[in-house]
J.: 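This is the structure I want to talk about, given as structure tokens.
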Amino acid sequence: MRSPIRITEVGPRDGLQNESGIVGVEAKVAFIDRLSEAGFPEIEVTSFVSPKWVPQLADASEVLGRIRRRPGTIYSALVPNERGLERALEARVDKVAVFTAASESFARKNINAGVAESIERFRPVAAAARAAGLPVRGYVSCAVACPFEGPIAPSRVAEVSHMLLDVGVDEIDLGDTIGVAVPGDMDKLLAAHSTVTSPERLTLHLHDTRGTALACAWRAIELGVRSFDASCGGLGGCPYAPGATGNGATEELVYACEGSGLSTGIDLQTLLDAGRIISAALGRALPSRLLKAGTLVPCGKLTVPTGAVAKE
Ligand code: HMG
Ligand code: MG
């Protein structure tokens, strides 16, 4: 229970892909640079997908070319096909992520291919990425439910994870794309994966649409998972998943972990600064409650909102 928690910040990718107004390169770079200063082991910076499908991330190469890279941070990006990988390699990413789903309908809406077809498409992508020395993450979306098909059986999710591992991905990331999971779903998902992969090779990507992301993350921590995605400010969602809102806010996960003696290596105050930068660029408040809670005071290694201190 006490080993460190690894958090991948996905705000610049999952967070911004869902914004309809185009955010300028300069604001994206300022956001990512401040996230780097917060000390993340990994930041998912952007996607090398078709700009016709996600216009917001058409500037992927420029953003990667302009950020200040912090030694110790892995700068990763989504790639849907070989064309995406070529672009990602030119932009000198450190790691790539391929993405499919446990739901046939969602895979078709999101990447215009069935599940099995998409995974075959990833085989040469994974081989070329590994030949270039890059690790490969494999996302399984709709790991709990699909916006078009409803609940998805954990055994089906595990089957898709197995198929991804078979084409050469290094780690599996299970996405609760539309934020429906409850803590008991974590038990079922992990039990279904027990013969497919170890908790050490699993990441959980929990959207917070129904306010359950942190409770689910906590249950997964109890079950041995140590790697999570989260989004600064709680930004995000998938433009091809109706009703999806952002991932659990990173600062709320950091706050819960650090306050409970689980190290994340992330500086909370710098992370909150990053949230303010992107909130200003978007011209609106973000969903994160911790970001709204206001003034900070130092509290041991951690900084916590004054409100929380006053209640103690
Ligand atoms: P398609 O239309 O079937 O592909 O899309 P295509 O091969 O026919 O190409 C269409 C056009 O896009 C062509 O251009 C290609 O050259 C171009 P045209 O000839 O018409 O001018 N193209 C590209 N351009 C740049 N980079 C590329 C690329 N590929 C094709 N890589 C495709 C298939 C997969 C490309 C498309 O469906 C796509 O890009 N989908 C991405 C959708 C997306 O990004 N969704 C959000 C991310 S997933 C997510 O959020 C879930 C996650 O967070 C986990 C969770 O929450 O569960 C990860
Ligand atoms: Mg997502």
Side-chain angles (χ1 to χ4, degrees), residues 5 7-23 27-28 30-32 34-35 38 40 43-47 54 56-57 141-145 147 173 175-183 185 203-220 228-259 264 266-296 303-308:
I5 302 298
I7 302 178
T8 298
E9 170 58 47
V10 297
R13 193 280 300 171
D14 197 316
L16 295 182
Q17 74 181 9
N18 210 34
E19 293 293 331
S20 48
I22 300 290
V23 178
K28 287 176 180 168
F31 177 42
I32 297 163
R34 193 58 61 91
L35 290 169
F40 283 94
I43 302 175
E44 202 171 74
V45 176
T46 187
S47 296
V54 185
Q56 179 67 259
L57 302 181
S141 284
C142 304
V144 178
D173 193 337
D176 178 18
T177 317
I178 52 171
V180 288
V182 295
D185 288 318
T203 293
L204 291 180
H205 176 103
L206 300 162
H207 283 263
D208 200 28
T209 314
R210 290 166 182 79
T212 54
L214 185 55
C216 289
W218 210 258
R219 179 63 191 142
F228 295 88
D229 295 343
S231 176
C232 177
L235 271 174
C238 174
Y240 295 99
T245 60
N247 291 80
T250 316
E251 52 276 19
E252 293 175 357
L253 182 58
V254 170
Y255 178 72
C257 288
E258 294 282 348
T264 62
I266 294 159
D267 182 77
L268 186 58
Q269 197 148 20
T270 309
L271 172 58
L272 290 173
D273 282 347
R276 291 186 194 103
I277 288 174
I278 198 64
S279 176
L282 294 169
R284 62 176 164 78
L286 303 182
S288 163
R289 284 143 295 186
L290 192 61
L291 197 54
K292 285 192 192 103
T295 321
L296 299 179
T303 50
V304 296
T306 44

J.: Does some side-chain heavy atom of Pro12 sit less than 4.5 Å from a side-chain heavy atom of Ser231?
T.: no

J.: To check you understand the geometry: which heavy-atom pair defines the closest contact between Pro147 and Cys142, and what is its length?
T.: CD-SG, 4.1 Å

J.: Got a second to check how far Leu35's CG is from Ile277's CD1, nearest 0.5 Å?
T.: 8.0 Å

J.: So, for Ala181 and Asp176, which heavy atoms are closest and what is the spacing to 0.1 Å?
T.: N-OD2, 2.8 Å

J.: For a quick test of reading the model, state the closest non-hydrogen atom pair linking Ser279 to Ala285 and the distance between them.
T.: OG-CA, 3.9 Å

J.: Report the residue from Thr177, Asp14, Asp229 that forms a side chain to side chain donor-acceptor pair (under 3.5 Å) with His207.
T.: Asp14

J.: Ignoring hydrogens and geometry, is there a side-chain-to-backbone donor-acceptor pair from Thr250 to Cys232 under 3.5 Å?
T.: yes

J.: Are Thr270 and Arg34 close enough that some pair of their side-chain heavy atoms sits under 4.5 Å apart?
T.: yes

J.: Of all heavy-atom pairs between Ala244 and Cys238, which one has the smallest distance, and what is that distance?
T.: CB-N, 3.9 Å

J.: For residues Leu206 and Ala217, report the shortest heavy-atom separation together with the two atoms involved.
T.: CD1-N, 3.6 Å

J.: When you compare the side chain of Val182 with that of Val144, does any pair of heavy atoms fall below 4.5 Å?
T.: no

J.: Could you check whether any side-chain heavy atom of Ile278 comes within less than 4.5 Å of a side-chain heavy atom of Leu16, counting everything from C-beta outward?
T.: yes

J.: What's the spacing between Tyr240 OH and Ser141 OG if we round to 0.5 Å?
T.: 13.5 Å

J.: Would you check if there is a donor-acceptor pair between the side chains of Gln17 and Ser47 at a distance under 3.5 Å?
T.: no

J.: Would you confirm whether Arg13, through its side chain, and Val45, through its main-chain N or O, come within 3.5 Å as a donor-acceptor pair?
T.: no

J.: For residues Ala256 and Trp218, report the shortest heavy-atom separation together with the two atoms involved.
T.: O-CH2, 3.7 Å

J.: Would you say the side-chain atoms of His205 and Asn247 include a donor-acceptor pair closer than 3.5 Å?
T.: yes

J.: To the nearest 0.5 Å, tell me how far Phe31 CZ sits from Leu235 CG.
T.: 5.5 Å

J.: In plain terms, say whether Arg289 and Asp208 are close enough for a salt bridge, that is, a side-chain N and a carboxylate O under 4.0 Å apart.
T.: yes

J.: Calculate, to the nearest 0.5 Å, the distance between atoms OG1 and CG belonging to Thr8 and Leu204 respectively.
T.: 11.5 Å

J.: Quick check for you: to the nearest 0.5 Å, what is the distance between Asp273 atom CG and Gln269 atom CD?
T.: 6.5 Å

J.: Rounded to the nearest 0.5 Å, how far does OG1 of Thr245 lie from CG of Asn18?
T.: 8.5 Å

J.: Counting C-beta onward and ignoring hydrogens, is there a side-chain heavy-atom pair between Asp185 and Arg219 closer than 4.5 Å?
T.: no

J.: Do Asp267 and Phe40 have side chains that approach each other closer than 4.5 Å (heavy atoms only, starting at C-beta)?
T.: no

J.: Is it true that a side-chain atom of Thr212 and a backbone atom of Ala215 form a donor plus acceptor pair closer than 3.5 Å?
T.: no

J.: Ignoring hydrogens and angles, tell me if any N or O in the side chain of Glu19 forms a donor-acceptor pair with the backbone of Gly21 under 3.5 Å.
T.: no

J.: Determine whether a donor-acceptor pair (N or O, by modelled atom type, separation under 3.5 Å) exists between the side chain of Glu251 and the backbone of Leu271.
T.: no

J.: Output, in order, the C-alpha distance, side-chain angles, deciding distance and verdict of side-chain contact (heavy atoms from CB on, under 4.5 Å) for Leu290 and Leu268.
T.: CA-CA 10 Å; Leu290 192 61; Leu268 186 58; 4.1 Å; yes

